[in-house]
Structures are given as structure tokens and as C-alpha cells.
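Counting starts at 1 for both ligands and their atoms, in listed order. Below, each value reflects all heavy atoms present in this structure, side chains not excepted, and no hydrogens, waters or symmetry copies. Here the structure is a predicted model, which is why all the values come from computation and not from measurement.
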Amino acid sequence: MGWLKVFLLLVGLANCRRPRTTPAVPTVTALIGQGVMIPCSIPHRPTGLNESRIYWQASNPRSKKPHEDMVLLVYNRGKMENHLRTALYMNRTRLFPGQLHDGNFSLYIDPVKIEDDRAKVIVRYEKNDFKPLCPTYIRVTARNSKPAVHSSCTQGEGLVEVTCATQGGFPEPTFSWRIQNHTVLRPQEMTRTMERDPHSGTFSADLTVQLNASEGQTTTCLVTNPVLQETVSTSITIQSCKVDPQVNTASWLVPVALLVALVFVFLVALGAYKYRRMEYQVTPQGSTTSVTVV
Ligand SMILES: *[C@@H]1O[C@H](CO)[C@@H](O)[C@H](O)[C@H]1NC(C)=O
Ligand SMILES: *[C@@H]1O[C@H](CO)[C@@H](O)[C@H](O)[C@H]1NC(C)=O
Ligand SMILES: *[C@@H]1O[C@H](CO)[C@@H](O)[C@H](O)[C@H]1NC(C)=O
Ligand SMILES: *[C@@H]1O[C@H](CO)[C@@H](O)[C@H](O)[C@H]1NC(C)=O
Ligand SMILES: *[C@@H]1O[C@H](CO)[C@@H](O)[C@H](O)[C@H]1NC(C)=O
């Protein structure tokens, strides 16, 4: 029964997605904070550009007004009408005016914002009866920071709690774990926190799992960005809880050595001070004699 539900759900999802992933519409991947080119070229050199209009528009099912087209840029009879841009794209879009006459209608968006995600950009050109040209989806992403990994100590073989934290990624990262070079198939998950930065919209993720790892084994947390298919990872070595006597000796040897060094420096300083005082007592007599001579 459960499997049937899952199957129906998958079929439903596939149906929903079909219009979106029509292979005819290319997708450009854009990194938050960087620039992205929305390529558009018409196959012939346009004539009479100075008398015609070109609009760059976008629709986004995730925007506040999903059924309203947003204006990215307007070219009207030889001039850019920048004030007509939708607030979201104000000051963020430009094209290459020198290339317009070659039929290069490419648009540059800089810097990319999280709100650009899933936008479908089209170009409308008057000489083309404003039929949509160059439909392009924007997929926004951001790289995850190299994870910070910490573990509790372990007593021999057993479960170790390991925490892995990463920031700055978009969309939500996926985690995987390795002990030595074996992938952990189903780590026992303890806690997972996923927070969005209210300003940039990127994710901070923090995951704690229990792994069956023992002292000295290398544990790796791998964080993957699903859009870029890029993985960043950090490895740590599982530490033992036992207090190692050698480590113990070493730990009290250091302060003792420091103390000995301090006492030595003090004695040397004291010696120098006494020597100087003796010298000082001698010199005034010498100078008095020289004064009497003068
Ligand atoms: C279009 O206008 C620009 C400046 O407004 C001018 O330099 C150019 O010669 C014009 N081109 C045509 C084909 O009229
Ligand atoms: C766009 O730039 C102008 C001039 O640099 C500035 O006054 C304006 O506030 C900017 N608008 C936005 C929405 O960033
Ligand atoms: C259009 O112009 C941009 C900016 O100069 C350039 O990067 C791009 O390659 C051009 N596209 C074509 C098809 O020439
Ligand atoms: C951890 O793995 C070892 C063998 O590798 C096994 O003997 C032990 O029972 C496991 N411990 C737990 C808590 O699963
Ligand atoms: C895993 O590590 C062992 C030694 O620790 C090595 O012999 C083996 O080739 C490694 N396997 C892979 C797939 O890296």
C-alpha cells in the first residue's frame, strides 16, 4: 500500500515537472553575488534598430506576483529606458549596446540575487511581432563553506557523536559520511538544524550523527551542493577518551620547564643588577677625582 502511494506520488511529481523541464528551454546556473549572462542572439543583423523596441522580461512562479511579468530592461528607439525596470532588477541589468547591431541581445544580470531563482527570461523584439525569443531559466546557487567537523571522544569500539557544520550554500546541502574510505549508508541522525540567512537567503546547516567508529579512524563529512554537484569535505581522526599517561607527562612538563626558565631569567637579572650597583658605587668616586683635577 505504502509503495503504491510512493509510486503515485512520483508519477504525480513527474507530471508536474514535465512542462518545466522541457528540453527546449536552456537553464543558466548563476552564483549569488556574481554576474550571469542570459545569452540571446538572433540569426540575422537587425535593421532599423533605432526605430524599434526590445523588451527583456521575466516571469517567476515564486515571485510575489507570479502572474505578472517583470521588466528587466527596455530598449526603445536607440535608448535604454532604465526607469521602466521592475524594482527587483533596478541597477542590476545591462546589455552590450555595441553588439545589438550584430543581433546579440544577450543580457547581463549582476549581482545575482536569490529572488532570481527559477525566473524564466524572454526577449521580445518589435520586428519579430514581440514573439518571445531566447527563453532561458535561471537556476541560482551558492557554494557551501568547507565543513567544520567535531567529534566526541570514544572508548574503544562504539558510537561516536560527530557534528558537521557548513554555511553559505543554496539550495539546501546534502550530507554524507565516510569512515576510513567506506561510505556510511545510514548514520543514526541525532539533530539537524537548517537556518536561512534573512539577508542572502543562503543556508546554514548543522548536523549531528552517531557513527560506529573507533579511536584512530578517519571520519569524513561530505557536503554536496545539488545544483553544482560540488562536494566539500573535512576529515578528522576519532580521539580516545582515555587519558594517555605520556600525554599527561608532557602536559605537566611544559609549565615546569617554563617555571625553571623563569627562575633562571630572574637569577640572571638579579646578578646583573648587583653587578651594576657595584659598578655604580665605583664611578662617582672616579668622577669626583676628575672634578678635583679640573
Ligand atoms: C542609430 O542611432 C545612433 C545614435 O543615436 C547613431 O549613431 C546611428 O548611426 C543610428 N543608426 C542608424 C542605422 O540610424
Ligand atoms: C540605482 O542606482 C541609483 C544611482 O546609483 C541609486 O540612486 C538608486 O538608489 C539605485 N536603486 C536601487 C534599487 O538600487
Ligand atoms: C554577445 O555579447 C557578449 C558581450 O560582449 C559576449 O560575451 C557574447 O559572447 C556575445 N554572444 C555572441 C553570440 O556573440
Ligand atoms: C560497531 O561495529 C563493530 C564491528 O565493526 C561491532 O562489533 C559493534 O557491535 C558495533 N557497535 C555498535 C554500537 O553498533
Ligand atoms: C581504502 O583504504 C585501504 C587502506 O586503508 C586501501 O587499501 C583501499 O585501496 C582503499 N579503497 C579505496 C576505494 O580507496
Side-chain angles (χ1 to χ4, degrees), residues 17-63 66 68-144 168-171 200-202 225-232:
R17 292 204 164 191
R18 193 160 296 150
R20 252 202 207 165
T21 50
T22 313
V25 178
T27 298
V28 293
T29 302
L31 283 164
I32 291 177
Q34 297 190 6
V36 68
M37 181 83 77
I38 312 295
C40 186
S41 290
I42 60 167
H44 51 85
R45 282 173 67 97
T47 53
L49 260 186
N50 284 2
E51 289 80 46
S52 49
R53 285 170 293 178
I54 312 171
Y55 301 110
W56 286 259
Q57 297 181 332
S59 56
N60 193 334
R62 295 187 175 192
S63 74
E68 228 167 79
D69 278 340
M70 294 176 280
V71 180
L72 274 56
L73 207 57
V74 176
Y75 174 90
N76 191 5
R77 301 169 207 275
K79 280 185 295 191
M80 307 307 299
E81 296 193 320
N82 288 333
H83 60 285
L84 293 179
R85 286 182 286 194
T86 302
L88 177 59
Y89 289 95
M90 200 57 85
N91 295 357
R92 287 204 298 137
T93 51
R94 60 188 162 91
L95 46 84
F96 306 92
Q99 310 231 351
L100 227 46
H101 294 269
D102 295 327
N104 184 344
F105 292 175
S106 302
L107 180 77
Y108 198 66
I109 304 178
D110 186 23
V112 166
K113 287 187 175 177
I114 206 140
E115 292 93 329
D116 301 332
D117 194 33
R118 316 276 180 162
K120 185 187 185 182
V121 179
I122 54 158
V123 183
R124 293 189 191 274
Y125 175 38
E126 189 171 28
K127 289 285 172 72
N128 184 43
D129 296 328
F130 291 118
K131 284 197 199 100
L133 291 168
C134 315
T136 310
Y137 282 114
I138 305 176
R139 187 73 174 102
V140 170
T141 190
R143 293 197 160 92
N144 298 294
F170 185 84
S200 69
T202 58
N225 175 312
V227 172
L228 298 171
Q229 286 297 314
E230 248 178 35
T231 299
V232 282

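- For atom 9 (O) of ligand 3, the protein comes within 4.0 Å by no heavy atom at all.
- In this structure, Val36 and Val140 have side chains that are not in contact, with every pair of non-hydrogen atoms separated by 4.5 Å or more.
- Of the candidates Asn104, Leu95, Ile42, Leu100, Asn104 brings a heavy atom nearest to atom 11 (N) of ligand 3.
- Of the N or O atoms in Gln99, one or more lie within a sub-3.5 Å distance of an N or O in ligand 3.
- Those atoms of ligand 3 that come under 4.0 Å of a heavy atom in Met37, given as number and element, are 3 (C), 7 (O).
- Near Ser41, with a cut-off below 4.0 Å to any heavy atom, the atoms of ligand 3 are 12 (C), 13 (C).
- Looking at Leu72, Asn91, Val74 one by one, the single match for side-chain contact (heavy atoms from CB on, under 4.5 Å) with Arg85 turns out to be Asn91.
- Asp116 places a side-chain N or O within donor-acceptor distance of the main-chain N or O of Lys113, the cut-off being under 3.5 Å.
- Partner of Arg53 under the side-chain contact (heavy atoms from CB on, under 4.5 Å) criterion, out of Arg77, Glu81, Arg124: Arg77 alone.
- We find that Arg92 and Asp110 are not joined by a salt bridge, their nearest charged nitrogen and carboxylate oxygen being 4.0 Å or further apart.
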